[in-house]
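Report on one structure; see the data block that follows.
Note on naming: letters A, B, ... go to the chains in the order of the sequence lines (proteins, then strands), and numbering restarts at 1 for each one. Only heavy atoms go into these numbers, but all of them, side chains included; no hydrogens, no water, no symmetry mates.
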Number of protein chains: 2
Amino acid sequence: MSQSTEAYLQIGEVAERTGVTQRTLRFYEEKGLLRQPSRMDGGFRLYSEDDVTRVAHIRRLQNLLGLTLAEIKEMVEAEEMLQEIKAQYRPEADVSEKRRQLQEAIGVVTRQHGIVSQKAEQMSEMKEQMEERLRTFERWMTELEQMERKAPVA
Amino acid sequence: MSQSTEAYLQIGEVAERTGVTQRTLRFYEEKGLLRQPSRMDGGFRLYSEDDVTRVAHIRRLQNLLGLTLAEIKEMVEAEEMLQEIKAQYRPEADVSEKRRQLQEAIGVVTRQHGIVSQKAEQMSEMKEQMEERLRTFERWMTELEQMERKAPVA
DNA sequence: CATAACCTTGACGTAGAAGTAAAGTCTCGG
DNA sequence: CCGAGACTTTACTTCTACGTCAAGGTTATG
């Protein structure tokens with residue numbers, strides 16, 4: 001239903017849309033962060049919309065959380081598993097196996113959530129410190145201005 | 001009033017207290033992230049408590065915000081200026097000059113605050129996404145458990 | 001004053017994350 | 001069917017943020 005017919009993208013387009021270079025896309029593939037994309041007969045890579053989303057996700061994990069690609073790989077593999085679970089959710093499969101997978105998925109996301117929560121909190125702390133500072137400076141500023149009014153420029 | 005007499009630290013102690021290596025301390029100095037510390041007659045570096053604080057700050061900027069040392073250097077230089085302003089606050093100096101400095105300081109901190117705010121916000125978004133996900137999984141899990149109760153292991 | 005523990009500079013090495021160049025292959029519009 | 005532009009792999013280079021010696025100088029202590 002989603003990518004039924006086509007909508008395949010070549011590496012150049014993906015690069016443009018994600019803001020990373022082609023080199024980076026190939027690099028991520030090499031490192032196992034992106035699945036091997038399908039190929040045209042001549043060997044040109046063909047990416048899906050999902051891949052685009054994935055790249056965006058990788059970048060967020062990099063920039064926001066400062067994770068290494070190795071760490072991100074783990075996360076991404078976990079996500080992969082989730083996709084699988086989603087896909088398998090309907091089809092008949094060993095129920096207890098699915099339970100196990102789900103259990104693991106929950107574990108992964110919980111850990112991720114822990115990291116994010118912690119960072120978010122520290123971030124808020126920093127933010128408040130800065131606001132405190134700003135208030136101080138602005139207080140000083142008004143004091144300075146009052147001094148100037150009392151004793152104007154010589 | 002704070003570090004009146006002494007309380008100077010050698011590089012080894014600073015390393016231990018900050019959790020970075022001596023190499024890293026020298027490296028930060030080289031890169032202009034730490035001021036040139038005073039030295040003993042023989043050339044041994046002597047750090048102040050302030051330097052310790054500074055290193056901690058640098059590390060937070062690195063780990064939390066994921067900034068490069070170059071970016072951190074800018075921030076740190078700005079902080080340096082703030083220290084200066086604080087120090088000069090009482091002594092007689094051109095008032096309008098002080099105004100200018102304060103103005104700039106406010107600008108710096110405002111920019112920093114902007115970065116942190118933005119990151120903090122994105123972080124919260126991520127956090128919520130993860131929570132949403134977790135809820136989904138847990139819903140699935142209970143569904144699965146119900147299926148198991150109805151049709152137990154063959 | 002010997003010597004262990006600590007420090008100095010200098011130079012080279014490394015892991016992570018790509019950038020860049022070379023030489024050849026594909027695709028597609030005209 | 002052909003040429004411009006997009007793509008391929010391979011290989012070497014770069015940049016950041018340190019790590020790791022090496023060879024020697026300094027300091028504190030017995």
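Computed from coordinates, the A:Glu30 CD to D:dA11 C1' distance equals 12 Å when rounded to whole Å. Rounded to an integer number of Å, the gap from CZ of A:Arg26 to C1' of D:dC7 is 7 Å. The separation between A:Leu25 atom CG and C:dA17 atom P is 15 Å, rounded to whole Å. Distance, A:Glu29 CD to D:dT9 P: 7 Å, rounded to whole Å. Separating the CD1 atom of B:Ile11 from the C1' atom of C:dT9 is a distance of 12 Å, rounded to the nearest angstrom.
Using a 4.0 Å heavy-atom distance criterion, B:Arg45 is classed as a sugar-phosphate-only contact.
B:Ile106 and A:Met126 fall within a single hydrophobic cluster, where Ile, Leu, Val, Met, Phe, Trp and Tyr are joined by side-chain heavy atoms under 4.5 Å apart, directly or via other members. Under the 4.5 Å side-chain contact rule for hydrophobic residues, B:Leu144 and A:Val109 share a cluster.
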Name the atoms and distances for all side-chain donor-acceptor pairs under 3.5 Å in residues 61-70 of chain B, with sequence neighbours left out.
{"unit_1": "B:Gln62", "atom_1": "OE1", "unit_2": "B:Tyr28", "atom_2": "OH", "d": "3.4"}
{"unit_1": "B:Gln62", "atom_1": "OE1", "unit_2": "B:Arg59", "atom_2": "NE", "d": "3.4"}
{"unit_1": "B:Gln62", "atom_1": "OE1", "unit_2": "B:Arg59", "atom_2": "NH2", "d": "3.0"}
{"unit_1": "B:Asn63", "atom_1": "ND2", "unit_2": "B:Arg59", "atom_2": "O", "d": "3.1"}
{"unit_1": "B:Thr68", "atom_1": "OG1", "unit_2": "B:Ala70", "atom_2": "N", "d": "3.4"}
{"unit_1": "B:Thr68", "atom_1": "OG1", "unit_2": "B:Glu71", "atom_2": "N", "d": "3.2"}
{"unit_1": "B:Thr68", "atom_1": "OG1", "unit_2": "B:Glu71", "atom_2": "OE1", "d": "3.3"}

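Pairs passing the salt bridge (charged side-chain N to carboxylate O under 4.0 Å, His left out) check and including a residue from residues 14-23 of chain B, sequence neighbours excluded, read B:Arg17-B:Glu49.
Remark: B:Glu30 pairs with no residue by the salt bridge (charged side-chain N to carboxylate O under 4.0 Å, His left out) rule, at least two apart or across chains.
The main-chain N or O of B:Leu46 is found under 3.5 Å from a side-chain atom of B:Ser38 such that the two form a donor-acceptor pair. B:Thr24 places no side-chain N or O within donor-acceptor distance of the main-chain N or O of B:Val20, the cut-off being under 3.5 Å.
Using a 4.0 Å cutoff on non-hydrogen atoms, the parts of residues 59-73 of chain B near DNA chain D are B:Arg59, B:Gln62, B:Thr68, B:Leu69, ordered by number.
Residues B:Arg39 and A:Phe27 both approach DNA chain C. Their nearest nucleotides, taken by heavy-atom distance, put B:Arg39 toward the 5′ side.
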Polar atom pairs between nucleotides 21-24 of chain C and protein, under 3.5 Å, N or O only, would you list them?
none

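Heavy-atom neighbours of A:Glu121 CD from other residues, nucleotides or ligands within 6.0 Å: at or below the threshold of 12.
Looking at B:Asp51 and B:Ser48, their side chains do bring a donor and an acceptor atom within 3.5 Å of each other.
Look at A:Tyr28 and you'll find a side-chain N or O under 4.0 angstrom from OP1 or OP2 of C:dA18.
Between A:Glu29 and A:Arg35 there is no salt bridge, since none of the side-chain N atoms of the basic residue sits less than 4.0 Å from a carboxylate O of the acidic one.
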Heavy-atom contacts, protein to nucleotides 19-30 of chain D, under 4.0 Å, summarised as B (base), S (sugar-phosphate only) or - (none) per nt, yield BB----BBS---
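Summarising the geometry of B:Gln103 relative to A:Met141, their closest heavy-atom pair is NE2-CE, 3.5 Å, with the distance given to 0.1 Å.
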